[in-house]
Protein chains: 2
Amino acid sequence: MPADPLSRVFSALADPTRRDMVARLATGDATVSELAAPFDVSLQAVSKHLKVLEDAGLVSRSREAQRRPVHLEAEVFDLMTKWIERYRRQAEERYRRLDDVLRSMPDRAAPHPPADDPPPPEGPQP
Amino acid sequence: MPADPLSRVFSALADPTRRDMVARLATGDATVSELAAPFDVSLQAVSKHLKVLEDAGLVSRSREAQRRPVHLEAEVFDLMTKWIERYRRQAEERYRRLDDVLRSMPDRAAPHPPADDPPPPEGPQP
DNA sequence: TTCTTGTTCAACCGCAAGGTTGAACAACGA
DNA sequence: TCGTTGTTCAACCTTGCGGTTGAACAAGAA
């Protein structure tokens, strides 16, 4: 599984079935069969979904007789929220500065011109 | 595109190339060519990535002569953070109550038993 | 041991995602 | 008008994902 952690988490939550499972697990641990009950898919498909969530670190599994209780690991959510907040803040800061500029020149009242000083792109972060 | 909005946003950000584009756009609007520059893929591929971001509502495009400046729409991030925060809070609340129970019975000090009163699953939300 | 329950492994299928190339379209500049 | 620049459309290829079925494994219960 070569994907980076952030990609794995976003990708895991991109599926509505898996999001429903996360929602269910937020109310308490559950077995595979319990998680599968509300859905119209095979147990094996649910098992695969859980593997995706586990690889993303969103979920952990223990053993308890034959059962394998699934447990939500909510800390990984931080990975996403940190990423999101970073760029949201950056964008908002940019708007704030842009509005300042607009306020300082009362003429040419264009509501939202395309860009303020676009710096050169800084390349992908591998 | 039948996918629900949340799936579209998560799925759009599951790709590292697209996340890099969002990071770049947080610093200011950019054209397709500018966005493509740091990456080792064709312009057409970048155009496709932008379509995915646009369908997810993360990005909008205007026209300016031949160019099509791309603009980050940071509001859609709220969709995700709201979803994440909801279940994170729910899980944390569950732990808090669990810890209260554990504190009230000083014997049998198991650090984190599997579940407290697992309620029946409430079905998928279609 | 044998039976039963719970879960996963393996092989397969259909389809969409991300990539390519080549051609077309849009809007300027000469 | 014609060429140039910037972007998208169309067709195609390969890979991965979500689903299936059937068999295997794990751990009690009889």
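Under a 3.5 Å cut-off, the side chain of S7(B) and the backbone N or O of D15(A) do not form any donor-acceptor pair.
Heavy atoms of S11(B) sit nowhere under 4.0 angstrom from any nucleic acid atom.
A salt bridge does not link D29(B) with R67(B): every distance from a Lys NZ or Arg NE/NH1/NH2 to an Asp or Glu carboxylate oxygen is 4.0 Å or more.
Listed pair S42(A) / dG19(D) fails the phosphate criterion, with no side-chain N or O lying under 4.0 Å from OP1 or OP2. In terms of phosphate contacts, H49(B) brings a side-chain nitrogen or oxygen within less than 4.0 Å of OP1 or OP2 of dG19(C).
Residues in residues 70-85 of chain B take part in these salt bridge (charged side-chain N to carboxylate O under 4.0 Å, His left out) pairs, two or more places apart or across chains: R88(A)-D78(B), E85(B)-R88(B).
As a whole-Å value, the separation of E54(A) CD from dT7(C) P is 13 Å. Rounded to whole angstrom, the span from the CZ atom of R19(B) across to the C1' atom of dG18(C) amounts to 15 Å. Across the protein-nucleic acid pair, R68(A) atom CZ and dT7(C) atom C1' stand 8 Å apart, rounded to whole Å. Atom CG of L13(A) is separated from atom C1' of dC17(D) by 16 Å (rounded to the nearest Å). We find that CZ of R8(A) is positioned 16 Å from C1' of dC17(D), with the value rounded to whole Å. Regarding R67(A), its CZ atom lies at a distance of 12 Å from the P atom of dA27(D), rounded to whole Å.
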Along nucleotides 9-17 of chain C, 5' to 3', which nucleotides get a B, which get an S, and which get a -, given that the test is a protein heavy-atom distance under 4.0 Å?
-> B-B------

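With dT20(C), dG6(C), dT7(D) as the candidates, the nucleotide lying closest to the side chain of V41(B) is dT20(C). Counting only heavy atoms from C-beta on, R63(A) has its side chain closest to dA26(D) among dT8(C), dA26(C), dA26(D). Across dT7(C), dA27(C), dT8(D), the shortest atom-to-atom separation from the side chain of R61(B) is found for dT8(D).
Taking the side chain to side chain donor-acceptor pair (under 3.5 Å) definition, one finds that E93(A) meets it with R96(A), sequence neighbours left out. Residues passing the salt bridge (charged side-chain N to carboxylate O under 4.0 Å, His left out) test with R61(A), sequence neighbours excluded: E54(A). Applying the side chain to side chain donor-acceptor pair (under 3.5 Å) rule to R68(B) yields no partners; only residues at least two apart in sequence or on another chain are considered.
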Close N or O pairs between protein and nucleotides 28-30 of chain C (under 3.5 Å):
none

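The only option from T81(B), I84(B), L13(B) that meets the side-chain contact (heavy atoms from CB on, under 4.5 Å) definition with M80(A) turns out to be I84(B).
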